[in-house]
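We name chains A, B, ... by the order of the sequence lines, and we start the count at 1 in each one.
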Amino acid sequence: MNLAASNRTVNAGLKSHAALVYAFLYLPILIVVIYAFNDSRLVQIWHGFSTRWFGEAWRDDTLRNAFRISLITATLNAVIATILGTAAGLALRNVGRKTRSAFDMFMYTTLIVPEIVIAIASLLFFVTLGLPLGPVAIVITHSVFNTSVVGLIVRARLAGVDRSLEEASTDLGATRWGTFYQVTLPQLFPAVLAGALLAFTFSFDDVVLSSFVSGVGSTTLPVEIFSQIRFGLSPKVNVVAVVTLSLTIVAIVTAQALLRREARRVV
Amino acid sequence: MDGEGGRADLVLEDVTKSFGEVRAVDGVSFQVEPGQFFSLLGPSGCGKTTTLRLIAGFEQPDSGRVLLSGMDMTRLPPNRRRVNTVFQHYALFPHLTVEDNVGFGLKQAKVPKSELTRRLDETLKRVRLEELRTRRPRELSGGQQQRVALARALINEPTVLLLDEPLAALDLKLRKAMQQELKRLQERVGITFIYVTHDQEEALTLSDRIAVMNDGLILQEGSPNEIYERPRTRFVADFVGQTNFFEGIVEEDGDRVVVRDESGLTITCSPVDFARRGSTVAIAVRPEKIIPVNGAAPAVNLVEGTLTRRTYLGDLLQLHLLLQGGRELTLQRQNEPDDPSSAWRVGDRVQVTWDPRSSLVLEIDQAFMDEEDIRLMADSQG
Amino acid sequence: MDGEGGRADLVLEDVTKSFGEVRAVDGVSFQVEPGQFFSLLGPSGCGKTTTLRLIAGFEQPDSGRVLLSGMDMTRLPPNRRRVNTVFQHYALFPHLTVEDNVGFGLKQAKVPKSELTRRLDETLKRVRLEELRTRRPRELSGGQQQRVALARALINEPTVLLLDEPLAALDLKLRKAMQQELKRLQERVGITFIYVTHDQEEALTLSDRIAVMNDGLILQEGSPNEIYERPRTRFVADFVGQTNFFEGIVEEDGDRVVVRDESGLTITCSPVDFARRGSTVAIAVRPEKIIPVNGAAPAVNLVEGTLTRRTYLGDLLQLHLLLQGGRELTLQRQNEPDDPSSAWRVGDRVQVTWDPRSSLVLEIDQAFMDEEDIRLMADSQG
Amino acid sequence: MASRSSVAEPRALLLPAWGWYSVFFVAPLLIMVAYSFAINDPDRFFTVTFGFYTDQFQRVWDPLYLEIYKNTFLMALSGTFGCLLIGYPFAYFLATRAGRYKTFLFFLVIVPFWTSLLIRTYAWLLLLSENGPLSGALQSMGLIANPLNILYTPISVWIGIVYDYLPLMVFPLYVAIERMDPRLKEASRDLGAGRGATFWKVTVPLTMPGIITGCLLTFIPMTGEYVVPEILGGAKSYLVGNLVANEFRTAIDWPFGAALSMSLVAMMLVVIFVYLRFLGRRSEESLGSFL
Amino acid sequence: SRELRPNDTGTSGAATPGATPELEDQLSIYNWADYVHPKTYGQFEKEFDIKITEDNYPSNEDALAKLQAGAKGYDLVVPTGYMVEIMREQGLLMELDHSQIPNFSLIEDRFLDTAADPGNRYSVPKDFGTTGYGYRSKFVKEEMSSWEDFFRLAPKYSGRYTVLDSSPEVVGSALKMLGYSYNSVEPKEIEEATKELLKLKPHVRKITSSMREIMITGEAYVSLTWNGEIGYVALDAADARYVVPSEGTEVWTDNWCIVAGAPHPAAAHAFINWHLQPKIQAQDTSYHYYGSCVEGEEEFLKPAIANDPAVYPAGDVLEKLEFAAANPEWLRLRNEAWTKFKAA
Ligand SMILES: Nc1ncnc2c1ncn2[C@@H]1O[C@H](COP(=O)(O)OP(=O)(O)OP(=O)(O)O)[C@@H](O)[C@H]1O
Ligand SMILES: Nc1ncnc2c1ncn2[C@@H]1O[C@H](COP(=O)(O)OP(=O)(O)OP(=O)(O)O)[C@@H](O)[C@H]1O
Ligand SMILES: [Mg+2]
Ligand SMILES: [Mg+2]
């Protein structure tokens, strides 16, 4: 076959495959968006266009409350995970091989052990020690996993940060704290931000851990949706999906814009 | 230059630093006079950077002392030393503008705003970066980055400026231009420069004094002329410039040293004290010191050989002779139409000679030819 | 060398390749004779790599043809061309051993096992890698990797071997050694080499023919001697070697061309046809062609100036003279004790001269001095 | 070599995270281990007697449960394989053909990843149902005669997990392919290899770290999957995760639940170990290098 | 007729009888999803100025698991009869102060003083229902009336069955089909029942307590469930029939209970009492289609509901029904059978 022609065939093949994958990725989202405007009391049966479920969802205290709880727990979790993970990521540069690999093992196992196992282990932990289930338990359980996420991202980023930048800073008379604040942190910022966002998302999205360690009044949005899916679906779920989707897109676009601006300043 | 931080000498006293098994710096001592351009020259991994880092304070020596103006600063943290560094890859802060990079040190020192502005303007002007003050490092070319790094260090008026292969990342033409600029700058500001490089030509061109290092040791210290014209060991002779080596037994000592090598060649040298009759010595002859015999045959160091190859280098020619006994001898000649060698053709038998002063007698330094060197040489030849 | 794939010439016919706005290769034509060592020399970004990639088949030309042994192979995929490449950073397969890297091509060609083993052994031996056959690329030194890349290409007995700055990543000493080795190897196997480099010395040393490129164009093609001694344009003269430039008006033409520059200096040159009386020309004089006046004053090209600076390069000295009218002139002398210049001191008034044959008359090529060049030069000087 | 730079942050910064892991990760796991060796008091509701009883593990050996472990393993394996098959050409496209739209196209892959997994999974419920749009579309195109009947079957679970974890496969593959020096492919073509040979002999081996990482990143969560079968699965697509959850949510048999999850972790470790052994040492670095 | 005993457990902060304790301003309810009329809480909140928060659970066991695990802060929970027994055994419930629930007297006697909670010291019936099955007569041509029909037709309508995600109901159905007691604790009987269930399993599409939607869409034809669920289905699919199997089956009450350590016991009592009003009861029944245990709510109901045998079975049918009665052995046997059923 002619060189150019064979190139074209391969390109076309790859391209159409990619198009199918995008369809695969977006079809479900599209469906949910469409069904959010379904007039029907039933989720699966199309009855005509209506926005009435948006109103219903807005008036639904349970959903609003769940949304609020999710926001709070996910934020607290992200704060804890970001602080612990960033600190650990920084310290890992300076510890010996043994300490590092021991700590690595911790980080990787928190990621490897299936969520359901962590969920029940945490449940048993809180119950056995007589600690209350609820928002605090959710935040703690989430933050373990997310500390590893942030830690690994920060560490990967640090590996790319030239140590001599920090040396240059002390060489120019900056103190250790001054160096951290003026040189290390700005370098690290995109990673910390990315880590925090990931931690937030993982937590905001989590259903397994939350549903096992949630307690009174700490039903998060995913747990609420999950129990609705399991026990009787309301079309309001579609609305919730559309709303969170829009919020996510806004958040991502903002974050990207921020990161890009940072990136222009940093690196 | 402010009063207190003025000129001063830097002294290293028997400084040693190991990393695990590796002795990166091994009992290094030297003294640098105020305002000197002092170069550390040596192959990769010989400990140049480590020496610099010990002076800057990024590393702590295992033993020995670092003194500045007679004051021991061995235990002082880097931010308290009146020393600044130009890093190998510049280590410019990527998130700061040129201006903020250069002003970083003064801000740390809490210099008043007005003075900061003044010195910033002055320094940026000196390195001709006024136009680029609001750019970020990655928007700059290599040469411009290099100047920012220099400005960032110079603005603090350090007593000693450390430069770690500051030109290594630049391409040939730019490197040559920056060398000149660096030299002029150093002469103007009068700050002591400790300059690390593995480029012998650069060291020879720029320095007042050179210390040649290998394996953590300083092998020889001296002016460029001393280093090139009177290398003490084979390693130094070989590392700094090209050489023809001979090895032989001293037949005459005293006023005139005569050495005979295995192939029976007799080489006349200027007198050296350690060349005793009967001892084995090495002799190095630089290719450019060997000249074609033109007219009357010289009394000594007359060598005849067959021209086997001419390597054309544009401005220079390298002529490879095969001597009796199978030795090779390399000559370097300027590519001038009037040079006698320009008439030589490959296969010609030709005569060459050199001044006895150009026969450099070396101590045999097998110590420095340890296994690794041998492997490396074999490798680079094979 | 097998029968069919034997010697053949490579021809590029008016080949053009653009990337978006950039004309990377702009109407390039050249012809390479069988067994020739042909170099493409030029600054970064001039289109050398792109030219090579067009020959290898990684890029398709927008127009023009690539012929090998008279056969048009412009539309052939790379795996069907009897051409092999040594990539700039070697592009060794990191997941394969030395052996498997080198044998890769033969396996693709489904060469029988026994022949594969034989040719593998032979090739590895030729590049002295037998001992390292089971190592992986990253366990090799730079020079060894370079040899693997060479072996991997050579074992396929290509008609033409393309080499893209194969020595650029090596350090000076090793680069010199590998140059010699490469040259010897090419002479032995007799394969046509197309060699890309931006190092003028390397090109001069190794090549049978050199094409100097800039901005996608070939500016001059010729033997190393032609390129260095008779550069046709200012760009070529400047890029290949160092030069003193003069610009002036032709006062005499014919047998002897005499040019007077703005400062009133008269320069005598050998005759060139385009130098008409009254026309403006540029003249280049290589620093090594300028010699101290020793004894009788020469009839032409006698120049007097003040020595302002000696740059010590070890084997060479650069002498910077300030002439009347403020011009600078740079001389290069070998560092020999007997050279007349060795007695000169800074501040001395000295006389120098050069052979009229060494005054190179150039066409004024403002065309090549476009804005970017000017910016680049300003940058490298500033 | 642990060389302390003069600008090093204090190592004590590691302690908070270390403590956090010890208390809220290690301790819970240890407590779970203790539970797995306990028994329930037969005469009282939900009263656990600790000790060193292996009763729970004996129960796990019931063929009924082993079957679930097997199904889980097969589901995770086929899910991983599905992700790889779909993800590789896709990542390849993104890394090599996306041109200047690369950032945008990659962004499009991330967006779903940042939207609720639960909702996206549940969307398949709508899509795949007998009266759903997919069924309708396929029927009207004449591709199937009867309504699509795959919801609440292992097939729908497979679709769900492949969908959920595809990005986790694509990211490391993308990184690996992107990182690969394109000149290596050219070198291979230059040496006479065709497109196919170049792909199998150069591209695949060189992107192996990405393949390994991607497979681990998808296989691991798939073995513990709980949500997808719960939503899209039917009576016959029960996985270990659901079994474990059942012991806690419905049966309230904590010791048995603990033993089941211990066994799950054990199975996973065995698989990972075998996998890494099989693929050699290189793979051990790969997970780390990706993260 | 019912003796009201003073609170003597001493474990709670409940007020002494007689005195009207001050009401807290909050109430936290742990309830089945969708189990009161959407307006109900609002009415109470308005009347008493008490803020209600509600979390939901999908099964008795889930609720138990959560409380057992030490979830603190709930005031009210709504377990089914047998679960009341388990919960009070576990000390998860607070003894009620009947003096604060005067409307208790409105409850029909037949729902009181069950084995699960003798003397109703811990629970007040919220509503009652039966466990049977529903089917779509549009798809199922046979007339179904017994557990035997349910199990027999499964192969024919394979893949169109759903069963509740709850062990006692499912295991109980097989026991009843086999002619045993719903509450059998004979291991052999349980084993037999398990065998029947394992035979049924291949034909089950989904084990779920939310079968409404797939019954309506026709993806499932037959569902083992509670009566109210089919009432809901029938709103959209008129051909849906609910069967109280002729072999007999479970009748159950779901009950308001106050969680031990409840932070707002007075409000909880007030809510229980308020909710027992016939009008409120009728409002809920017309929403969830489960019968009220209170006398006099019929007058507030539409006749269609009041006369629906699925909501209010005839007296003779009721005779044959059993309440579930839990004990550790009972529960253990069911859970083990259940786990096997799910795993199969
Ligand atoms: N932080 C470190 N840990 C371990 N070994 C080190 C460290 N820094 C340097 N070394 C070792 O010490 C020796 C000297 O290193 P150094 O960087 O000083 O060499 P150099 O002369 O600057 O070489 P180059 O020209 O390659 O920069 C080397 O063998 C190096 O491997
Ligand atoms: N794939 C490409 N896409 C866009 N522009 C390209 C591409 N390849 C090369 N160019 C442009 O074409 C011009 C010539 O590039 P080429 O790589 O041939 O230069 P070169 O002479 O090999 O330079 P160097 O010495 O830096 O390797 C440059 O301006 C380059 O930016
Ligand atoms: Mg160094
Ligand atoms: Mg190139």
Side-chain angles (χ1 to χ4, degrees), chain A residues 11 14-15 17-18 21-22 24-25 27-29 31-32 35 44 84-85 87-88 90-92 94-97 103 106 110 112-117 120-125 128 140 144 147 151-152 156 163 166-167 170 176 179 201 205 207-208 222 225-226 229-230 241 244-245 248-249 252, chain D residues 2 4-9 11 13-14 16-18 20-21 24-25 27-29 31-32 35 86 89-90 92-93 97 108-109 111-112 114-120 122-124 126-127 129 131-133 163 195 220-221 223-224 226-227 230-231 241 244-245 248 254 257-258 261 264-265 291:
Chain A
N11 283 351
L14 284 172
K15 228 180 227 168
H17 175 81
V21 172
Y22 281 115
F24 180 60
L25 286 176
L27 208 54
I29 295 176
I31 276 294
V32 170
Y35 273 75
Q44 294 188 28
L84 293 182
L90 284 167
L92 275 179
N94 310 316
V95 300
R97 241 174 97 83
F103 197 81
F106 269 135
T110 57
I112 281 175
V113 174
E115 230 184 338
I116 184 87
V117 176
I120 62 151
S122 302
L123 174 69
L124 291 174
F125 172 80
T128 310
I140 287 176
V144 167
T147 297
L152 287 169
R163 199 136 231 163
E166 291 160 276
E167 289 178 348
T170 48
R176 187 192 274 193
T179 298
T201 317
D205 207 19
V207 53
V208 178
I225 295 172
F226 191 48
I229 291 172
R230 292 191 342 142
T244 46
L245 180 70
T248 318
I249 290 177
I252 296 175
Chain D
R4 288 270 281 141
S5 165
S6 55
V7 292
E9 296 80 13
R11 299 176 205 190
L13 284 175
L14 204 56
W18 197 285
W20 203 254
Y21 285 142
F24 297 118
F25 181 68
L29 286 179
I31 288 175
M32 190 186 80
Y35 267 94
I86 297 172
F90 182 64
Y92 194 88
F93 168 83
R97 305 294 151 105
L108 282 187
V109 186
V111 172
W114 290 64
T115 31
S116 169
L117 180 79
L118 198 58
I119 287 170
R120 285 182 296 134
Y122 135 84
W124 282 102
L126 303 179
L127 263 174
S129 78
N131 314 300
Y163 176 80
R195 245 176 227 292
I220 289 164
T223 51
Y226 158 69
V227 175
E230 200 72 29
I231 297 175
V244 170
F248 281 83
W254 292 358
S261 31
L264 173 65
V265 172
L291 289 161

* Asked: Can you say whether D:Y35 sits under 4.5 Å from chain A via the side chain, the backbone, both, or neither, judging by heavy atoms?
  -> side chain
* Contacting region of A:T201 [heavy-atom separation from chain D under 4.5 Å] -> side chain
* Asked: If you look at every heavy atom in A:A241 and D:I119, which pair is closest and at what distance?
  -> CB-CG2, 3.0 Å
* pair D:L127-A:P28: side-chain heavy atoms closer than 4.5 Å -> yes
* Interface moiety of A:L123 toward chain D, non-hydrogen atoms closer than 4.5 Å -> side chain
* Structure fact -> Nearest heavy-atom contact between D:L13 and A:A91 is CB-CB, 3.7 Å
* Structure fact -> Okay, A:V207 and chain D: the region with an atom under 4.5 Å from a heavy atom over there is side chain
* Who among A:T110, A:T128, A:T244, A:V113 has the most heavy-atom pairs with chain D under 4.5 Å? -> A:T110
* Using the test side chain to side chain donor-acceptor pair (under 3.5 Å), find all partners of D:Y226 that sit at least two apart in sequence or belong to another chain. => D:R249
* Any idea which of A:V208, A:V144, A:V32 has the most non-hydrogen atom pairs under 4.5 angstrom with chain D? -> A:V144
* Structure fact -> Under 4.5 Å to a heavy atom of chain A? For D:W18 that would be both
* From A:L25 CG over to D:Y163 OH, what is the distance, rounded to the nearest 0.5 angstrom? -> 6.0 Å
* **Over all atoms of both residues, closest heavy-atom pair of D:A17 and A:T147** => CB-CG2, 4.3 Å
* Structure fact -> Scored by heavy-atom pairs under 4.5 Å with chain A, the best of D:L117, D:L118, D:I31 is D:L118
* Asked: Given a strict heavy-atom distance threshold of 4.5 Å, which part of D:Y21 is in contact with chain A: side chain, backbone, both, or neither?
  -> side chain
* Under 4.5 Å heavy-atom distance to chain A, tell me which part of D:L14 shows up: side chain, backbone, both or neither. => both
* Structure fact -> Most contact-rich option vs chain A, by heavy-atom pairs under 4.5 angstrom, among D:L108, D:L29, D:L264, is D:L108
* At a heavy-atom separation under 4.5 Å, does D:P221 approach chain A through its side chain, its backbone, both, or neither? -> neither
* List for me each residue that meets side-chain contact (heavy atoms from CB on, under 4.5 Å) alongside D:P28, sequence neighbours excluded, and say none if there are none. => A:A121, A:F125
* Find out whether D:V244 and A:V117 are in side-chain contact, i.e. whether some heavy atom of one side chain is under 4.5 Å from a heavy atom of the other. => no
* Asked: Is there side-chain contact between A:V21 and D:F93, with heavy atoms separated by less than 4.5 Å?
  -> no
* Do A:I140 and D:W20 have side-chain heavy atoms sitting under 4.5 Å apart? -> yes
* Evaluate the side-chain proximity of D:P133 to A:Y35: yes if any heavy-atom separation is below 4.5 Å, no if none is. => yes
* Do A:I225 and D:Y122 touch side chain to side chain, with heavy atoms closer than 4.5 Å? -> no
* To do: Find the distance between CZ (D:R97) and CG (A:N11) and round it off to the nearest 0.5 Å.
  => 4.5 Å
* **Max heavy-atom pair count under 4.5 Å with chain A, selected residue of D:T223, D:I231, D:V265** => D:I231
* With the side chain counted from C-beta on, respond yes when D:W124 and A:I31 share a heavy-atom pair under 4.5 Å apart, and no when they do not. => no
* Asked: Tell me, do D:V109 and A:Y22 make a side-chain contact under 4.5 Å, heavy atoms counted?
  -> yes
